[in-house]
> 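Submitted below is the structure of interest, expressed as structure tokens.
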Amino acid sequence: MLRLTWVQPEDLLGHELNQARLDGREPAAIAARWRAAGGPDAPAAAGASADRPSRYLRQLAEDLLDELADLPDRLAEDEPTDLAAIRALCPDWPAPVSDLTPTPTGLEAAWLGRAVGCLLGKPVEKLPLEAIRRLARSTGNWPLGTYFTAKGVPEDLLRAHPWNRRSAPTSLAENIDGMPEDDDLNYPLLNLLLLQRHGRRFTLDDVARLWLDELPAGRTFTAERIACRNLLSGIEPPHTARHRNPFREWIGALIRADVHGWTNPGDPAAAAEQAHTDATLTHTANGVYAAMFTAATIACAATGTHDVHTCLRTGLTVIPPRSRLSEAIRHAVRLAHEHADFDTVVDELHAIYGDTHHWVHAVPNTALIAAALTHADGDFTGTVSRAVGGGWDTDSNGATAGGIAALLAGTPTALPHHWTAPLKNRLATSVGDFNGIGFDTLAHLTHREASRP
């Protein structure tokens with residue numbers, strides 16, 4: 001029996017009920033109807049529940065998803081998705097600070113840093129925080145200073161907390177042979193294609209067409225899979241981000257943001273606007289803000305003239321200051337400044353968000369990325385160690401934080417050899433003609449797009 005992840009209505013309904021609580025709607029009456037009919041909670045970790053529902057329950061789920069979409073949103077004024085409305089709420093919307101073009105070596109470092117952070121996080125994706133700590137400590141790798149290994153891990157610990165099933169064969173230290181495929185690298189490749197074909201003035205329709213042409217549906221997850229389904233059902237963007245899509249504030253748009261920052265060095269507003277166009281195919285509100293914040297932060301870092309703290313403050317200027325994401329980032333940064341022990345910061349973030357937000361939601365994950373960058377003061381190993389060791393969406397957090405820290409480092413030789421050597425300058429992917437490409441080649445291709453008017 002095929003239970004396709006992230007699209008079954010009976011699984012989406014539980015996630016939408018939780019999303020409604022987070023974004024200011026009141027779903028209690030609809031939740032009671034679902035429970036009374038025997039409807040299940042959302043799957044806690046996986047994308048699909050194990051059992052096929054009755055026809056009645058599936059139809060009810062579809063009807064209730066539509067009813068939830070019609071509930072009034074009390075946070076709408078503080079958390080718009082329209083770009084003009086976002087800009088109107090941002091009193092410090094940034095002006096261009098530099099007309100520099102990042103060097104190919106800086107961009108190669110950024111690509112490598114993104115890959116390293118992703119690879120570090122892949123084996124422990126979906127695992128609870130305490131399991132990540134126990135697995136690392138069992139091999140003397142805490143705080144994280146190198147890739148995870150199964151060598152030396154007690155068998156009872158591996159049985160209790162098995163590695164990510166898909167990633168362990170390619171991402172444990174003893175198995176790494178180049179950079180394996182991952183959506184955290186597929187999307188930057190896809191956005192590189194987007195710029196090659198359409199330039200900086202690409203439209204939302206350009207993004208949608210490129211996805212249909214180049215992105216295998218089986219390589220998409222959460223909001224991206226929903227958007228692809230919606231496109232194939234004849235639903236046009238940006239409604240693709242809203243129609244029966246409970247994942248619209250999750251992390252998917254954030255992991256697509258790096259190329260927008262890399263190709264707008266010194267112009268965080270342009271980077272954020274570019275990221276907004278990309279993000280609104282799949283996301284709304286805080287899901288879009290996470291991408292805009294990341295792109296603007298990277299655009300500032302790409303100048304090579306600002307420290308990580310300035311870059312993060314710049315990222316905050318492009319998102320609504322009363323949004324849940326802005327509040328979460330500012331609180332995480334404060335925690336990182338206040339506590340010498342990063343585990344204390346992580347424990348506090350998990351205490352705030354662990355019971356209310358899915359482990360892939362953009363709000364806690366972006367906060368953790370900002371805290372890791374702040375606490376490590378931009379140091380590469382310290383940043384990826386903290387971002388991955390903090391749990392939640394470990395590979396995505398490691399990728400974004402690692403890319404920023406590596407960009408600040410400025411050159412591939414500034415990254416420790418034990419991190420970059422196992423990648424063998426080779427990236428596996430199913431996107432376009434990029435399979436097997438080197439990070440040095442990707443840097444030159446990205447530099448070409450950054451240099452285009």
Side-chain angles (χ1 to χ4, degrees), residues 4-43 47-49 53 55-83 85-86 204-205 207-208 211 220-253 276 278-291 320 323-325 356-358 360-363:
L4 188 62
T5 58
W6 310 116
V7 294
Q8 312 284 3
E10 62 277 6
D11 298 323
L12 301 183
L13 196 282
H15 288 301
E16 183 60 43
L17 287 169
N18 194 49
Q19 178 60 36
R21 298 182 190 102
L22 294 174
D23 64 24
R25 291 171 288 151
E26 180 42 67
I30 294 175
R33 289 167 59 193
W34 179 243
R35 287 193 300 269
D41 292 333
S49 53
R55 181 181 299 179
Y56 165 75
L57 199 62
R58 171 163 289 190
Q59 183 61 58
L60 178 63
E62 293 178 345
D63 293 343
L64 295 182
L65 283 168
D66 294 338
E67 287 188 35
L68 283 165
D70 290 335
L71 291 177
D73 180 353
R74 62 179 173 82
L75 301 181
E77 290 188 5
D78 290 336
E79 296 184 345
T81 300
D82 175 73
L83 181 59
I86 293 171
L204 186 54
D205 285 349
V207 179
W211 281 36
T220 62
F221 306 94
T222 66
E224 287 70 27
R225 183 168 290 187
I226 293 288
C228 288
R229 180 206 64 187
N230 286 341
L231 285 171
L232 293 171
S233 297
I235 296 169
E236 296 188 4
H239 195 51
T240 45
R242 294 188 174 276
H243 182 68
R244 297 180 182 175
N245 180 9
F247 315 121
R248 59 192 176 275
E249 287 196 330
W250 289 20
I251 203 172
H276 179 277
D278 175 12
T280 49
L281 178 66
T282 53
H283 287 73
T284 65
N286 293 278
V288 173
Y289 308 156
S323 65
R324 284 167 285 143
L325 185 73
T356 55
H357 290 69
H358 193 276
V360 189
H361 200 282
V363 168

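Values below: every heavy atom of this structure, side chains too, minus hydrogens, waters and symmetry copies.
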> Does a sphere of radius 6.0 Å around CD in Glu236 hold more than 12 heavy atoms from other residues, nucleotides or ligands, not counting ones at 6.0 Å or beyond?
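No - once you tally the heavy atoms of other residues, nucleotides and ligands closer than 6.0 Å, there are 12 at most.
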> Indicate the atoms forming the closest heavy-atom contact of Leu12 with Trp6, along with that distance.
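Closest heavy-atom pair between Leu12 and Trp6: CD2-O, 3.5 Å.
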> If only side-chain N and O atoms count, and only distance matters, is there a donor-acceptor pair under 3.5 Å linking Gln19 with Arg25?
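Arg25 vs Gln19: no donor-acceptor pair found between side chains.
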> Of all heavy-atom pairs between Thr282 and Ala227, which one has the smallest distance, and what is that distance?
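Closest pair (atom of Thr282, atom of Ala227, distance): CG2-CB, 3.5 Å.
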> For Asp41, is the CG atom crowded, meaning more than 12 foreign heavy atoms sit under 6.0 Å from it?
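Result for CG/Asp41: open.
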> From Leu204 CG over to His276 NE2, what is the distance, rounded to the nearest 0.5 angstrom?
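It comes to 9.5 Å.
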> Please give me the minimum heavy-atom distance between Arg58 and Pro9, naming the atom from each residue.
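Smallest heavy-atom distance, with atoms named: NE-CD, 3.9 Å.
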> I need the minimum non-hydrogen distance between Pro237 and Asp205, along with the two atoms involved.
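Reported closest heavy-atom pair: CG-OD1, 3.7 Å.
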> Take atom CD in Glu77; do more than 12 heavy atoms of anything else shown fall under 6.0 Å from it?
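Not more than 12 within 6.0 Å, no.
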> Supply the atom-to-atom distance Arg242 CZ to Arg248 CZ, rounded to the nearest 0.5 angstrom.
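Taking CZ in Arg242 and CZ in Arg248, the distance rounds to 7.0 Å.
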> Looking at every heavy atom in both His15 and Pro43, which two are closest together, and how far apart are they?
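Answer, listing the atom of His15 first, then Pro43: CE1-O, 3.7 Å.
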> How far does CG of Leu60 sit from CZ of Arg33, to the nearest 0.5 angstrom?
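Output value for this atom pair is 6.5 Å.
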> Answer yes if the side chains of Arg225 and Thr5 hold a donor-acceptor pair under 3.5 Å, and no otherwise.
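Side-chain D/A pair, Arg225 to Thr5: present.
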